[in-house]
Amino acid sequence: MKRIDHAEASSKFINAKDHIDFHDKRLWDLRKKRDRVSEHIPEWEELRSLASAIKEHTLTHLGDYLEEFERNAIKNGAHVHWAKDAAEHNQIVFDIMSARNARTLVKAKSMLTDECDMRPFLENRGIEIMETDLGERIQQLDGEPPSHIVVPAVHKLRTDVARVFSETIGTDPKNSDVHYLAESQRQHTRPYFLKADAGMTGANFAVAETGTVVVCTNEGNADLSVNLPKLYIASIGIEKIIPKIEHLGVFVRMLSRSALGSPITQITSHFRAPREGTEMHIVLVDNGRSERLGMPDFWYSLKCIRCGACMNTCPVYRRSGGLSYGATYSGPIGVIIDPTFNLRKYSSLPFASTLNGSCTSVCPVKINIHEQIYKWRQIIAERHQLTFVKQEAMRVAGKILGSPKLYRAAVETAGASLEHLPRFMMYSRLNAWGRQREFPEAPQSTFRQWYLKNRAKR
């Protein structure tokens, strides 16, 4: 399987200056909004600690809470299915729909179904799928995966959306007014809700105590997906379980504030039982989560509530775009999750980070993200998953950084030497660093040279 080259994949996005400037500014704005709303809650850090503790307790007793959830969901009238991996999940969904001759599906945003590549699996078997979240629908129509956990099409300008809609649903290609575009998609989507044979959502939380599926949205599309068709399917990763309904308040207070800087999502829906004459099916999905739970250094990532705060603050993600990660989960959380699925394929991603720790600082459940990124770098090096160029660069750097004499000599000669090197030597395919930046002008002297001249004798 081909490795993801993050530096190469980000080049197209970086070269589109209007896109990268907007992307960077938009996401940093979400980060600033997150800071402002959190500062208005005196107990914010207590909430983070409590949320982290609830998640840790749940994950260390996960089997018990999953069984409790299953018992209560069945008691409520829902059907519960278990899927060990993506293939099993997709087959279960297909079998449920086929048994009821359901050929159309309206679905709310779900990272899990993207993770499982469910949409192409079902479409290849004759099932028509409509993504009802505006951002997800934009991406579906453009033939792209989502680029962000919360705002899937954040990398697109409104002119991009106007182009996509004009080519697919017949809107005016010259009209990029956001209200016009949103209303056009709304009018295009509504009839699908009315004719759909089945509806689907993911879950933000699943409450063991009550067997309830909780979905947080801002568009109301999840409620339409559940309440109009006669068949409702919820796809839920096993890590979404929380023990009690009283714990939900902790996470709901933090989710939208961390994600968008807003006090709460517009709609928080509790789906507990099927309506009369309808069916409710819940698919609990492992797909590598149990294996990750057994990893001493990486099981903490299962605490994630998919708020995207780490992505909004990450300088690498903001300037490279989510699609450059080549995976369902991008940004800092993706950097630590993706290698658990395929270490070789995603071995470059842990190096797509400055290790500044900002991701850890904003995480509402206190995942030690930057420490896990550093740990993955160690593992990748130990398992010889580094590319040859990176291995050689690290070997040389190790020798230089390990010797004060070599380091001083390198620093004192590098500036002058690099200025006279031909461009093809500095900006070649072998130097990923040089692909998107110019080498800075070297100062006249190093700090050590200045210090020896001006301060050493004192």
Side-chain angles (χ1 to χ4, degrees), residues 27-62 65 69 108-112 133 135 148-151 201-223 234 236-272 300-314 331-333 358-369:
L27 292 172
W28 186 245
D29 184 55
L30 292 179
R31 161 66 205 270
K32 290 190 292 185
K33 287 180 178 178
R34 174 260 175 207
D35 291 348
R36 285 197 294 269
V37 296
S38 64
E39 287 165 3
H40 284 86
I41 301 180
E43 67 273 24
W44 181 259
E45 289 304 317
E46 290 180 52
L47 285 171
R48 290 182 71 211
S49 297
L50 181 56
S52 181
I54 292 168
K55 277 289 188 177
E56 184 161 335
H57 166 77
T58 309
L59 290 167
T60 52
H61 299 79
L62 187 57
Y65 286 119
F69 176 83
K109 189 162 76 67
S110 164
M111 299 303 292
L112 177 61
D133 173 89
H148 190 285
I149 287 176
V150 178
V151 276
T201 71
N204 292 93
F205 310 100
V207 185
E209 179 184 42
T210 60
T212 305
V213 178
V214 181
V215 182
C216 304
T217 68
N218 286 316
E219 299 176 26
N221 55 308
D223 292 71
I236 305 174
I238 57 174
E239 82 282 14
K240 295 297 183 72
I241 298 289
I242 60 173
K244 297 180 179 297
I245 199 74
E246 67 188 60
H247 298 143
L248 186 62
V250 176
F251 296 102
V252 168
R253 289 185 74 191
M254 305 193 77
L255 178 61
S256 193
R257 286 181 168 90
S258 297
L260 302 171
S262 57
I264 197 169
T265 50
Q266 299 293 330
I267 302 169
T268 300
S269 305
H270 297 236
F271 303 121
R272 187 166 176 174
Y300 305 99
S301 63
L302 290 165
K303 293 181 179 182
C304 177
I305 61 172
R306 305 291 192 265
C307 69
C310 62
M311 305 164 80
N312 299 340
T313 196
C314 176
I333 191 63
S358 180
C359 48
T360 300
S361 297
V362 300
C363 178
V365 287
K366 289 193 168 183
I367 302 172
N368 56 335
I369 300 175

Considering all heavy atoms, the nearest [X]-[Y] contact:
{"X": "Cys216", "Y": "Asn204", "value": "N-OD1, 2.7 Å"}
{"X": "Val213", "Y": "Ala203", "value": "CG1-CB, 3.7 Å"}
{"X": "Ala108", "Y": "Thr201", "value": "CB-CG2, 4.1 Å"}
{"X": "Ala51", "Y": "Met254", "value": "CB-SD, 4.0 Å"}
{"X": "Val215", "Y": "Ala222", "value": "CG1-CB, 3.9 Å"}
{"X": "Val150", "Y": "Cys307", "value": "CG2-O, 3.1 Å"}

Original post:
Would you say the side chains of Arg34 and Thr313 form a donor-acceptor pair under 3.5 Å?
Top reply: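 No, no side-chain donor-acceptor pair sits under 3.5 Å.
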**OP:** Answer with yes or no whether the side chains of Thr265 and Ser256 bring together a donor and an acceptor at under 3.5 Å.
**Re:**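 Absent: no donor and acceptor within the cut-off.
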Original post:
Going through the distances and angles, do Lys240 and Phe69 end up as a side chain to side chain contact (heavy atoms under 4.5 Å, CB included)?
Top reply: CA-CA 11 Å; Lys240 295 297 183 72; Phe69 176 83; over 6 Å; no
**OP:** In plain terms, say whether Lys109 and Glu219 are close enough for a salt bridge, that is, a side-chain N and a carboxylate O under 4.0 Å apart.
**Re:**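 Here Lys109 does not pair with Glu219 in a salt bridge, since their nearest N and O are not under 4.0 Å apart.
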Hey, does [Y] have a side-chain heavy atom less than 4.5 Å from the side chain of [X]?
{"X": "Arg257", "Y": "Trp44", "result": "yes"}
{"X": "Ile54", "Y": "Pro243", "result": "yes"}
{"X": "Ile245", "Y": "His270", "result": "yes"}
{"X": "Asn218", "Y": "Leu260", "result": "yes"}

Could you give the distance from [atom1] ([X]) to [atom2] ([Y]), rounded to the nearest 0.5 Å?
{"X": "Ile305", "Y": "Phe251", "atom1": "CD1", "atom2": "CZ", "answer": "7.0 Å"}
{"X": "Thr58", "Y": "Glu239", "atom1": "OG1", "atom2": "CD", "answer": "11.5 Å"}
{"X": "Ile333", "Y": "Cys314", "atom1": "CD1", "atom2": "SG", "answer": "12.0 Å"}
{"X": "Ile242", "Y": "Lys55", "atom1": "CD1", "atom2": "NZ", "answer": "7.5 Å"}
{"X": "Met311", "Y": "His148", "atom1": "CE", "atom2": "NE2", "answer": "4.5 Å"}
{"X": "Asp35", "Y": "Ser258", "atom1": "CG", "atom2": "OG", "answer": "10.0 Å"}

**OP:** Check the pair Arg36, Glu39 against salt bridge (Lys or Arg N to Asp or Glu O under 4.0 Å), reporting the backbone distance first and the verdict last.
**Re:** CA-CA 5 Å; Arg36 285 197 294 269; Glu39 287 165 3; over 6 Å; no
**OP:** Run through Ser52, Ser361, Ser49 and flag the one making a side chain to side chain donor-acceptor pair (under 3.5 Å) with Lys366.
**Re:**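 Testing Lys366 for a side chain to side chain donor-acceptor pair (under 3.5 Å) against Ser52, Ser361, Ser49 leaves exactly one candidate, Ser49.
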Subject >> Derivation of the side chain to side chain contact (heavy atoms under 4.5 Å, CB included) call for Cys363 and Lys303 >> reply: CA-CA 10 Å; Cys363 178; Lys303 293 181 179 182; over 6 Å; no
**OP:** Would you please test Arg253 and Glu43 for side chain to side chain contact (heavy atoms under 4.5 Å, CB included) and show each step?
**Re:** CA-CA 11 Å; Arg253 289 185 74 191; Glu43 67 273 24; 3.0 Å; yes
